[in-house]
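Working notes, beginning with the structure itself.
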Amino acid sequence: MDREKALSIVKEQLTERRYIHTIGVMETAVALAKRYGEDEKKAEIAAIFHDYAKFRPKEEMKQIIIEQKMPSNLLIHNDELWHAPVGAYLVEKEVGITDESILMAIRYHTSGRMDMSQLEKIIYIADYIEPNRNFPGVEEVRELAFKQLDETLIKILQNTITFLMKKNQAIYPETIDTYNFFVMAENSKK
């Protein structure tokens with residue numbers, strides 16, 4: 001699927017602000033893919049569709065999680081997580097994208113997962129650092145992203161977990177598992 005067709009499909013699903021975010025994620029993902037020798041086309045498509053389900057009704061997403069037997073613990077955690085796995089499902093069913101590496105990158109762009117592929121890391125990181133994001137510490141992460149992918153992933157996970165803890169919010173277990181996996185992998189290199 002070419003970029004223009006993908007963007008036109010996604011534009012119908014998003015607010016203008018979220019569409020601008022998506023363009024930023026797409027450009028960042030392609031730049032990261034180029035930097036790390038990843039398939040740029042796959043990074044582009046995964047980035048374009050990463051928020052495909054973001055504005056679907058909560059009840060529809062809940063129904064899909066139940067019907068598709070997605071992890072049931074999604075339902076007891078923040079519903080901001082839902083659009084990623086539901087989005088991967090809907091992108092396959094409604095758009096016809098069947099490339100598992102693209103679908104996995106969409107599915108795990110909010111929670112992360114242990115042993116993420118390079119493409120999954122790129123989409124996760126691009127979503128966090130795209131140029132329209134503006135919050136304390138983002139510049140540091142942007143710089144690191146083009147130097148070392150796994151260290152960047154760890155830094156984002158640390159920031160996210162700390163942010164959620166300060167807000168007294170529960171942390172999705174897969175996010176904790178992702179953090180532990182990559183910290184232990186980095187520590188084993190030392």
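In what follows, residues are counted from 1 in the order of the sequence shown. A quick note: this is a predicted structure, and the numbers were derived from the prediction, not measured.
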- Nearest heavy-atom pair of Met116 and Phe182: which atoms, and what distance?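 Looking at all heavy atoms of both residues, the closest pair is N-CZ, 3.6 Å.
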So for atom [atom1], which belongs to [X], do other residues, nucleotides or ligands contribute more than 12 heavy atoms lying within a distance under 6.0 Å?
{"X": "Met165", "atom1": "CE", "value": "no"}
{"X": "Phe163", "atom1": "CZ", "value": "no"}
{"X": "Lys41", "atom1": "NZ", "value": "yes"}

- Query: When you look at Gln13 and Tyr19, which way does the side chain to side chain donor-acceptor pair (under 3.5 Å) test go after all the steps?
  - Reply: CA-CA 9 Å; Gln13 304 292 325; Tyr19 181 74; over 6 Å; no
- Message: side chain to side chain donor-acceptor pair (under 3.5 Å), that's the test. Do Glu130 and Asn132 meet it? Break it down for me.
- Response: CA-CA 6 Å; Glu130 63 93 2; Asn132 301 294; 2.8 Å; yes
Using modelled atom types and a 3.5 Å cut-off, is there a donor and acceptor pairing between side-chain atoms of [X] and backbone atoms of [Y]?
{"X": "Asp51", "Y": "Lys54", "value": "no"}
{"X": "Arg142", "Y": "Ile129", "value": "yes"}
{"X": "Arg107", "Y": "Ala88", "value": "no"}
{"X": "Thr152", "Y": "Ala145", "value": "yes"}
{"X": "Arg3", "Y": "Ile45", "value": "no"}
{"X": "Gln148", "Y": "Asp150", "value": "yes"}
{"X": "Arg35", "Y": "Val30", "value": "no"}

- Query: Applying ring-ring contact (aromatic ring centres under 6.0 Å, His included), which residue pairs with at least one partner in residues 79-106 are found, sequence neighbours left out?
  - Reply: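 Found His83-His109.
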- May I have all residue pairs that pass side chain to side chain donor-acceptor pair (under 3.5 Å) and include part of residues 165-175, sequence neighbours excluded?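 Output for this query lists Asn73-Tyr172.
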- Task: Would you indicate whether the side-chain heavy atoms of Lys62 and Lys58 approach each other to under 4.5 Å?
- Result: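 With C-beta onward as the side chain, the pair stays apart.
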- Item | Side chains of Asp127 and His50 in contact at under 4.5 Å (non-hydrogen atoms) |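 Yes, at least one pair of side-chain atoms sits under 4.5 Å.
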- Message: Looking at Asp99 and Lys42, is any side-chain nitrogen of the basic one under 4.0 Å from a carboxylate oxygen of the acidic one?
- Response: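 Yes.
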- Cationic N near anionic O, under 4.0 Å, Arg56 to Glu94: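 Yes, charged N to carboxylate O under 4.0 Å.
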